[in-house]
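Encoded as structure tokens, the structure appears first; notes follow it.
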Amino acid sequence: MAVFRSVSTQYDFPALEQRVLAFWKEREIFAKSLAPRGDADRGTFVFYEGPPTANGLPHNGHVLTRVIKDLFPRYKTMQGFTVPRKAGWDTHGLPVEVEVEKELGIHGGEAIAEYGIEPFTQRCIESVFRYTAEWERLTERIGFWVDLQDAYVTFHTRYVESVWWALSRLFAKGLLYQGHKVVWWWPQGGTALSAGEVGQGYKTVTDPAVVVRFPVDGDDGLSLLAWTTTPWTLASNVALAIGEALDYVEVEVTEGDEAGRYLLADGRREAILGDRPHHVVRTVKGSELIGLRYRPPFSFAEPDGGDPFRVIPADFVTLDQGTGVVHVAPAFGEDDYRVGREQGVGFLQLVSPDGKMTEACGEFAGRFCKEVDRDLIRDLKRRGLLFSDGQVRHEYPFCWRADDDPLIQYARKSWFVRTTEKIDGVIANNRATKWYPGHIQEGRFGDFLANNVDWALSRERFWGTPLNIWINDETGAMDAPASVDEILARNPDAFAAFDAAREKDPSLSEHLRVHKPWVDHVTWTKAGEPGTYRRVPEVIDCWFDSGCMPFAQWGYPHADGSRERFEQAFPADFISEAIDQTRGWFYSLLAISTLVFDEETQRELGLGDVREYPHPYKHCVVLGHVCDRTGKKESKSKRNYTPPDIIIDRVTMPMKVVVAGDGGPLNDLAGTVTDEQVGLTRDDHEGLDFQRRGCELTIRKDDASVSCLEPVGAGKADDFAAATDDNDYRHSVILSPAIAGRLGLTTGDTVEIEDATPAPGADAFRWFFYVSPPWNNTRHSLAGVRLAQKETLITLYNVYSFFTIYANIDGFDPAALGATGIEAADLAKATGFRPIAERGELDRWLVSELELTTAAVTAALDDYQVHEAARALSAFVDGLSNWYLRRSRKRFWAPGEVGDDSASTDKLDAYWTTWECLVTLGRLLAPFTPFLADDLFGNLAVAPLGERVAESVHLASWPVADESRIDRALSSRMAAARDVVSLGLAARSAHRLRVRQPLSAVQVCFADPTMAESLGSLGATVAEELNVKAVHFPASLDECVQYEVRPNFKALGPKIGKRMPLVQKALRAADPAALKRELDASGAVAVAVGDGDPITLGPDELEVRLAAKDGFAAEGGRVGVIVLDTEVTPELEREGWGREVVNRIQTMRKDLDLAYVDRISIAIDGPTALTDALAEHRDAIAGETLAVDIAFGPAPDGAEAREVQIGPHTATIAVTRVAG
RNA sequence: GGGCCGAUAGCUCAGCUGGUUAGAGCACCCGCCUGAUAAGCGGGAGGUCGGUGGUUCGAGUCCACUUCGGCCCA
């Protein structure tokens, strides 16, 4: 019975991953990993899950986020931390409402009110979890361990109450206030639109563009000129803005209707005055105009507050258009509002929310604002206030749903959080936070904080956390209860309306108690106070919801046990999201935490220890975007979107069918295909790699399918699309009539094609994201994932497979040999497990590399440098496979079996070393590739050792680097040996000396002379790799090596600075061979520098370089120079023939499909010069090829014979399998 | 218009606090090795490190300006 399950080299990673998923589920591994770890317990590592909106399907960017989020908790868990991972869902907000509006075919506040807020809200609740199943499937499939069962949900009562509590705290601190916010407003729908929606609705239209006179007070005949494309806002004008630094002129227009004196920017004079005859009266700086008073064009009403109708400075005035004097109507422009507030010019809003001019507007009252433009202009003209009348074509936003409805900028009453008052604290908090990459801190985020404006908190929407402010309808007093209980204390019947609704419809979600419209029925009175408290109508920005999650996820402070849980999980050690969250979640978390949890409050709340900055997160990894292979952001509308399933489960794609030769218009483009082929449009098919060599495809239609089809190129994708006027034909599949017939397909059908090669799988997808810095934008494609997989994961898998094959053959069983676990102490007493120091150099090297890798990976992960950790692992796997195992293969084939004690010490060393390294590597890889790691660990450690080890690698401990097993000198020696081998192979290549041809010797001359001695037994390795009989280290190779002695700039730079060029010059002038001799002999050289004192340079301050002189089979590199002895003696030549013959026989074995334990019998027929030579090496040949017998003579009957060329000789080799 | 990031070989990307021969993988070509490897090894070709100017003994790396992309915001 084999110890290890054999590992097939027919890779199917998705299948492996499904097995592991089933194992995790069955054994509840995730739940077990959350349990504190007894002795090894190192406390809690706090992770916050940023709640995704399950309002759309997850894409590749979410995969990146999830795999980064998963990595660190797994790592910390293995290190002995407890890492609770509570999932969460962001459920409120505009996207949800928009989705529901789309379903209902309605849009805007009024339409929603008409439909009914009650059913609308219920629809929102239903909509929120529409894609949850897909999200959960991806989350699980990609291996992101997070507690989905106990997720926090932002619309749940408990969560809402926590948010209320935070708002109530802010209210108590005076940090909530009501002001105005200018939004893009859709008057017909009675709704504000988000930036994204506005961006969708721009159209090019013609609008009036008028220049209006604003007569200056106290200077008859002088007017300021201002330009506007929205005449209807003139009625609400309160100020004129100028640029302080700009030049203005007073001009006199001498003729025509416009005769008079005007003030405008000098730079706009020509554009505005045109050819009107005029002269400049005077020139003034803008700053001199400040304070100038004027008469507004309309006086329907007095502005509220402030000191209106005067010239004020503003930073947004430019000379790009207009007059350089800007009409300011704070009610209808964001800049206007801001500058109006700053300058205290008052506020006037003569348009009501439905877009109609207000009652105050005389003859214009009740008409839609944009429709009164012409009449207003006529009125101005009549009153002599119109300077010029024109039109402009420009882009103007319209409602994206009702595209005849223009949007207007409109100031709405809005609630704000006074973040600016506490911004210093927020900035200090940010500075204490550790950001990855570092530039976010003072860059994108720091800049954002430095330009902070108060947080516009309220939304005039329906599906959100209701703002918990109740206002007394008589006194105006405000009250902000922090929970349902606090409301009930004010009025026990407060929720009567909801309770009644629920009685009528028991399916009504209990959580709607704290939502619109029911919460709007909640009122109370207070004893001794007139009036009734009624809630304000608004809901809040859903970013405030998610920013409350550090405490709201536990229902803090109301829920039972929430204080303890919050106490334990505040602040977070680690969070991670994509860069677009800078102004989103990263900000809302930081701002809310800073404002709510100031020191005084923390003390008041009785938090055990006061949490200093940073809170609520210490380390924040900011992820880049996942783009397509051309660097464009993936989006469905651009058709450059690859669903994650293509990577993790099945490489499949829907395509349009074109039947070859059906006489249709596409035939010329399609060409012809055989019944074994499919044609594909020449396109890269969203990064799918159907073009690669040996690719086989399957066509599927319902239950029928045709497999083993070879893809061939057809016409260009664009041509297909153009010929059919159908973009779907970009991805066309051309089928032969026979295949199309078999599947019942005709041109124009859509069919699934699938790659016969299994998809890369979740581990590969994860690994792909780990190997490059996650904060860079990543270009993602199937080919890219396959490449990353091949480089490391497949290499490792092959090592793993090799090991299990031979370990099973030899009966290597760690448990039977006495291992009691996987740590060094558990292995020390096992049979054949020798101390590392006693093993051969190759084993010591591998173990040393393993320890170095362990240290490197640990250090990199501690610093959140995922890619560095992944690269260290990649390098180790490469060394393990391509050096250690390649060099060790023969040790595994050596005679003797572990089970019957006949194995050699060396063979056992190879097994123990490989086994231990693989098991440790499995642990190191566990956070990265949790599936493969667990499969490997389960097979290599758990299968033999059973309960003596953790049942899953994710419950095992993280390896700790053992410094005593690190041998840095050996590492550098091995590196030097590998360099020497490279040079030797380069020399062979350059001189056409094939490696099969043995040579007598190689001379090696190191740049560092001490290396020659320390290379030690590695000389044998070099000899074997280079196929030479001897390696010599001559003290000097002057005849074929030239030296260069140069300064070690890094060491010398700080010491001599500006004198560097002098030293360089002096060294160049000297004889390098002499310098080297002096350096070797005395350990230092003195160089004369100009007229100053000579400078003495030690070996560390100089660098000796060697180069090969021409005319030798020599190669040089940093390590030194090697020279091959190229003479091929007759003996060497004959030995070479032997190796040639082995090569031919092995090829024949392969061609004959012989099993690799099959014995053979060989007959070689050729000239005696050859056969005599081969006879000398008969044993070597037989050993290598598993031949029981080598005969020289003609091939026996029935043998597979082949004519071959061996050196100058032609021979016939016959191979026969020997039965038994 | 403001802010941030990026630009390095045909492609995808490394390059730590400045150190003088700028690296890797893929693809390509040549050669080799091979009974773990949809492999491996060696070599070759391919780079004025987006441009200009500056700081420095020394710049892919620091500074300024600039061009082109990307993202965020207005």
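Naming convention: chains lettered A, B, ... in sequence-line order (proteins, then strands); numbering from 1 in each chain.
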Contact list (N/O, under 3.5 angstrom) for nucleotides 3-9 of chain B vs protein:
{"residue": "B/rG3", "atom": "O2'", "partner": "A/D447", "partner atom": "OD2", "Å": "3.1"}
{"residue": "B/rG3", "atom": "N2", "partner": "A/R444", "partner atom": "NH2", "Å": "3.1"}
{"residue": "B/rC4", "atom": "O2", "partner": "A/R444", "partner atom": "NH2", "Å": "3.4"}

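For the pair A/R996 and B/rU34, the criterion of a side-chain N or O lying under 4.0 Å from OP1 or OP2 is met. Between A/Y11 and B/rA38 there is a side-chain polar atom (N or O) within less than 4.0 angstrom of OP1 or OP2. In this structure, A/R886 does not reach the B/rC41 phosphate: none of its side-chain N or O atoms is under 4.0 Å from OP1 or OP2. One finds no side-chain N or O of A/Y800 lying less than 4.0 angstrom from the OP1 or OP2 phosphate oxygen of B/rA36. For B/rC13, the OP1/OP2 oxygens have a side-chain nitrogen or oxygen of A/R779 closer than 4.0 Å. A/N798 has no side-chain polar atom (N or O) that falls below the 4.0 Å cut-off from OP1 or OP2 of B/rA39.
At a threshold of 4.0 angstrom between heavy atoms, the contacts of A/P773 are confined to the sugar-phosphate backbone, with no base atom among them. Nucleic acid contact for A/V1063: none, since no nucleic acid atom lies under 4.0 Å from a heavy atom of the residue.
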Using a 4.0 Å heavy-atom cut-off, write out nucleotides 56-65 of chain B from 5' to 3' as B (base contacted by protein), S (sugar-phosphate only) or - (no contact). -B--------

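Out of B/rC41, B/rC72, B/rA38, the shortest distance to the side chain of A/D878 is found at B/rC41. Picking from B/rC41, B/rC13, B/rC72 the nucleotide with the shortest atom distance to the side chain of A/N882 gives B/rC41.
Taking atom CD on A/E577 and atom C1' on B/rC71, their separation rounds to 17 Å, with Å as the unit.
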